[in-house]
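Take a look at this one; I'll ask things after.
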Amino acid sequence: MNTPTLIVILGPTGIGKTSCAIELAKHFRSPIISGDSRQIFKELKIGTAVPSQEQLNAVKHYLIGTQSITQYYSAYEFEQDVLKLTQELFQQHNPLILAGGSMMYIDAACKGIDELPTIDAELRDDLFEQYEKERIEPFRRMLKQMDAVYYDQVDLKNHKRVIHAVEVCMMTGVPYSSLRKNKATERPFNLLKIGLNTSREKLYKKINLRVDQMISDGLLDEARLFHPQKHLNSLNTVGYKELFDYLDNKLTLNEAIELIKRNSRRYAKRQIAWFNKDKETIWFEPLDIENIIRFVEQTLKTQKRPV
RNA sequence: GGUGCCAUAGCUCAGUAGGUAGAGCAACGGACUGAAAAUCCGUGUGUCCCUGGUUCGAUUCCAGGUGGCACCA
């Protein structure tokens with residue numbers, strides 16, 4: 001038997017990963033696993049650009065709408081889900097396709113993420129409350145005491161990292177740094193990473209148009225529906241948080257829409273910076289489906305090696 | 001056609017009593033292993049409209065042009 005291959009379609013938001021993945025899926029008769037940290041929530045549809053019903057009918061998709069916005073989910077859970085799914089699906093299919101732009105989720109699926117304890121909700125809430133009142137300084141002091149190694153590495157201005165390290169130390173009783181292996185684990189399958197990108201000008205045009213489309217598709221109604229739960233982490237999401245500010249009368253609707261566009265552009269920039277670091281990725285223009293298929297076929301041939 | 005005002009970063013504008021310039025927004029670069037569509041860090045990107053004049057030196061002063069706006073015909 002040959003080692004199966006997971007084709008990973010990645011790239012900035014709005015570039016066209018969904019339709020590219022579907023073309024590949026049709027060609028190779030593969031199902032698609034979504035690598036998207038927001039499409040996984042069943043309540044979020046318009047703002048996360050989930051595939052259309054037609055697209056979902058054409059190709060079997062996994063990990064879309066499997067969680068509720070009230071549930072805890074993270075890159076670790078995602079890795080577990082992907083490993084389970086690939087093991088199952090490779091029985092029947094090869095290659096498989098993983099498509100998405102959630103940087104850390106994609107990395108977790110491709111090379112694993114360290115196992116850490118899940119933090120008690122109560123502890124997390126307490127610490128967050130303390131942060132609201134006392135800001136970051138006390139957490140820096142705690143971290144310095146509990147984990148001097150990580151204290152020297154961490155970005156001390158980034159409260160999320162500092163607090164997270166503190167809560168892990170408190171939860172486990174050992175230094176956070178002692179649990180961080182940060183070492184890639186081997187997968188029982190080949191990885192073929194296809195990056196989609198284009199000129200900044202074209203990308204931004206696509207993003208801006210897509211935001212306008214989401215608005216006319218009813219994004220505001222979707223946001224209004226979840227407005228009462230706006231504090232949920234899953235709703236700290238571009239497209240929703242700006243509309244919550246409009247619903248709270250902090251912005252006009254137009255200002256909110258412009259901010260959704262800007263924040264989407266900035267998100268795209270961060271994705272590009274992250275994905276550019278991975279030298280394994282082969283980059284294509286999003287409409288270059290023919291070449292992508294040809295390239296994948298070539299690579300699959302050379303990858304065919306006995307286990 | 002005449003008169004007046006304006007022309008500085010991608011946009012809106014500030015400024016230089018003559019020594020080549022700075023804010024906001026936008027943009028750009030980056031970090032990041034369990035909240036990641038999150039969070040955090042860094043960076044002015046400029047024929048100061050054009051051509052002459054005065055001056056050691058003009059984005060700044062003067063003249064003429066060009067473009068925009070307003071008013072008068």
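The sequence lines fix the lettering, A, B, ..., with proteins before strands; numbering per chain opens at 1. Quick caveat, the model's predicted, so the values are computed rather than measured.
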Using a 4.0 Å heavy-atom cut-off across all strands, classify A:Lys277 as base, sugar-phosphate, or nothing.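 Base, at least one base atom sits under 4.0 Å.
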Give none if B:rA38 has no partner; otherwise give the nucleotide forming a Watson-Crick or G-U wobble pair with it, both distances under 3.5 Å.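 When the pairing criteria are applied, nothing turns out to pair with B:rA38, so the answer is none.
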Over all strands shown, is A:Arg200 touching base, sugar-phosphate only, or nothing at heavy-atom distances under 4.0 angstrom?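 Sugar-phosphate, no base atom in range.
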Where the side chain of A:Asn233 is concerned, which of B:rA35, B:rA31, B:rC40 is the nearest nucleotide?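 Within the option list, the nearest is B:rA35.
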Return the pairing partner of B:rC32 with a 3.5 Å limit on both distances, Watson-Crick or G-U wobble; otherwise return none.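 When the pairing criteria are applied, nothing turns out to pair with B:rC32, so the answer is none.
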Within the 4.0 Å heavy-atom criterion, would you say A:Arg38 contacts the bases, only the backbone, or no part of the nucleic acid?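 Here A:Arg38 touches the bases of the nucleic acid.
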Contact under 4.0 Å: A:Lys269 side-chain N or O vs B:rG29 OP1/OP2: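 Affirmative; the distance criterion is met.
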For A:Tyr204, which contact category applies under a 4.0 Å heavy-atom criterion: base, sugar-phosphate, or nothing?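 Answer is sugar-phosphate: A:Tyr204 comes under 4.0 Å of backbone atoms only.
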Test A:Arg187 against A:Glu79 for salt bridge (Lys or Arg N to Asp or Glu O under 4.0 Å), laying out the working first. CA-CA 11 Å; A:Arg187 294 301 188 211; A:Glu79 180 196 3; 2.9 Å; yes
Using atom C1' of each nucleotide, how far apart are B:rU60 and B:rA73 to the nearest Å?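 Comparing C1' positions in B:rU60 and B:rA73 gives a spacing of 35 Å.
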Can you figure out which of B:rA27, B:rU39, B:rU33 approaches the side chain of A:Arg161 most closely?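 The answer is B:rU39, which lies nearest to the side chain.
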Under-4.0 Å salt bridge between A:Glu297 and A:Arg294: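 No salt bridge links A:Glu297 with A:Arg294.
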When rounded to the nearest Å, what value does the distance between P atoms of B:rG1 and B:rC11 take?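 Nearest-Å result for B:rG1 against B:rC11 at atom P: 29 Å.
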Where the side chain of A:Arg270 is defined as all heavy atoms beyond and including C-beta, which of B:rG29, B:rG30, B:rA36 is the nearest nucleotide?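 Between B:rG29, B:rG30, B:rA36, the one nearest the side chain of A:Arg270 would be B:rG30.
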Closest nucleotide among B:rC32, B:rA27, B:rA35 to the A:Ser74 side chain: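 Side chain of A:Ser74 sits closest to B:rA35.
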Suppose you measure atom P in B:rU59 against the same atom in B:rG19; what distance do you get, rounded to whole Å?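 That atom pair is separated by 11 Å.
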Value in whole Å for how far the P atom of B:rA38 lies from CZ of A:Arg124: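 The answer, rounded to whole Å, is 16 Å.
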A:Tyr267 has an atom OH; how far is it from atom P of B:rG29, in whole Å?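 Taking OH of A:Tyr267 and P of B:rG29, I get 17 Å after rounding.
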Now, which nucleotide makes the Watson-Crick or G-U wobble pair with B:rC5, with each of the two distances under 3.5 Å?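 Pair assignment: B:rC5 / B:rG68.
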Give the rounded distance in Å between these two atoms: CD1 of A:Ile106 and C1' of B:rC32.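 My rounded result for the distance is 16 Å.
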For A:Lys241, answer base if it contacts any base atom (sugar-phosphate contacts may also be present), sugar-phosphate if it contacts only those atoms, and nothing otherwise; contact means non-hydrogen atoms under 4.0 Å.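 Touches sugar-phosphate only.
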Could you check if a side-chain atom of A:Leu127 sits within less than 4.5 angstrom of a side-chain atom of A:Gln130, using non-hydrogen atoms only?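 A side-chain contact exists here, since the closest heavy-atom pair is under 4.5 Å.
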Given that A:Glu115 and A:Ile272 both sit by RNA chain B, which one's nearest nucleotide is further toward the 5' end?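 Its nearest nucleotide lies further toward 5', so the answer is A:Ile272.
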Rounded distance in Å between the P positions of B:rG10 and B:rG67: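 The same atom, P, in both gives a distance of 23 Å.
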Rounded to the nearest Å, what distance is computed from the CG atom of residue A:Asp125 to the C1' atom of nucleotide B:rA35?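 Value for this atom pair: 12 Å.
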What about A:Phe226 and A:Tyr240, are their ring centers closer than 6.0 Å?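 No, too far apart.
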Select base, sugar-phosphate, or nothing to describe what A:Thr118 touches, counting heavy atoms under 4.0 Å on all strands.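 Base, at least one base heavy atom under 4.0 Å.
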Mind checking if A:Gly239 touches a base, just sugar-phosphate, or nothing, with heavy atoms under 4.0 Å?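 No contact.
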What does A:Thr48 touch in the nucleic acid at a heavy-atom separation under 4.0 angstrom: a base, only the sugar-phosphate, or nothing?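 Here A:Thr48 touches the bases of the nucleic acid.
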Listed nucleotide nearest any side-chain atom of A:Trp274, set B:rA27, B:rC32, B:rA35: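 Nucleotide nearest to A:Trp274's side chain: B:rC32.
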Please state how far atom CD1 in A:Ile69 lies from atom P in B:rA38, giving the value in whole angstrom units.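 Interatomic distance, CD1 of A:Ile69 to P of B:rA38: 17 Å.
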Atom OH of A:Tyr72 to atom P of B:rA38: distance rounded to whole Å?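 Answer to the nearest Å: 17 Å.
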Would you indicate which nucleotide in B:rA35, B:rC40, B:rA31 comes nearest to any side-chain atom of A:His159?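 Of the candidates, B:rC40 comes closest.
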Kindly say if A:Tyr105 contacts the phosphate of B:rA36, meaning a side-chain N or O under 4.0 Å from OP1 or OP2.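 The answer is yes; a side-chain N or O of A:Tyr105 sits under 4.0 Å from OP1 or OP2.
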Taking for each residue the nucleotide of RNA chain B bearing the nearest heavy atom, is the 5' side occupied by A:Gln271 or by A:Lys181?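 It is A:Lys181 whose nearest nucleotide is closer to the 5' end.
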Among B:rA27, B:rA35, B:rA31, which nucleotide sits nearest the side chain of A:Arg262?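 Selected nucleotide (nearest to the side chain): B:rA27.
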Can you find a pair of side-chain heavy atoms, one from A:Gln55 and one from A:Val50, that are under 4.5 Å apart?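 The answer is no, as the side chains (C-beta and beyond) never meet within the 4.5 Å cut-off.
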Compare every heavy atom of A:Thr252 with every heavy atom of A:Tyr246, then report the nearest pair and how far apart it is.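 Heavy atoms only, the tightest pair is CD1-C, 3.7 Å.
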At 4.0 Å (heavy atoms only), tell me whether A:Asn236 reaches a base, stays on the sugar-phosphate, or touches nothing.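 If one applies the 4.0 Å heavy-atom cut-off, A:Asn236 turns out to touch the sugar-phosphate alone, with no base involved.
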Using atom CG of A:Asn208 as one end and atom P of B:rA26 as the other, report the distance to the nearest whole Å.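 Computing the A:Asn208:CG to B:rA26:P distance gives 13 Å.
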Nucleotide paired to B:rG10 in any strand shown, Watson-Crick or G-U, under 3.5 Å: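 WC or wobble partner is B:rC25.
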Counterpart base for B:rA63, defined by Watson-Crick or G-U wobble contacts under 3.5 Å: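 Across all strands, the one nucleotide that pairs with B:rA63 is B:rU51.
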From the set B:rU33, B:rA31, B:rC40, return the single nucleotide nearest to any side-chain atom of A:Lys157.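 Ranking B:rU33, B:rA31, B:rC40 by closest atom to the A:Lys157 side chain puts B:rC40 first.
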Of all the choices, B:rA35, B:rA27, B:rC40, which nucleotide is nearest to the side chain of A:His164 once you look at every atom?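 Within the option list, the nearest is B:rA35.
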For a 4.5 angstrom cut-off between non-hydrogen side-chain atoms, does A:Ile257 reach A:Asp212?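 Sidechains of A:Asp212 and A:Ile257: in contact.
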Which residue in the set A:Tyr73, A:Tyr105, A:Tyr62, A:Tyr76 passes side chain to side chain donor-acceptor pair (under 3.5 Å) when paired with A:Asp81?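 Going through the options one by one, the only one that passes is A:Tyr73.
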d(NZ, A:Lys205; P, B:rA26) in whole Å: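 So the two atoms are 21 Å apart, to the nearest Å.
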Students often get this wrong, so: under 4.0 angstrom with heavy atoms, is A:Thr237 touching a base, only sugar-phosphate, or nothing?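 Touches a base.
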Which base sits across from B:rA17 as a Watson-Crick or G-U pair, both distances under 3.5 Å?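 The base-pairing partner of B:rA17, which may sit in any strand shown, does not exist here.
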Geometric cation-pi criterion A:Arg135 and A:Tyr131, 6.0 Å radius, 45° cone: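 Cation-pi check for A:Arg135 and A:Tyr131: passes.
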Just compare B:rA36, B:rA27, B:rA35 and give me whichever is closest to any side-chain atom of A:Lys160.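 Nearest to the side chain of A:Lys160 among the choices is B:rA35.
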Would you classify A:Asp36 as touching base, sugar-phosphate or nothing, given that sugar-phosphate means primed atoms plus P, OP1 and OP2, and contacts are heavy atoms under 4.0 Å?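 Base, at least one base heavy atom under 4.0 Å.
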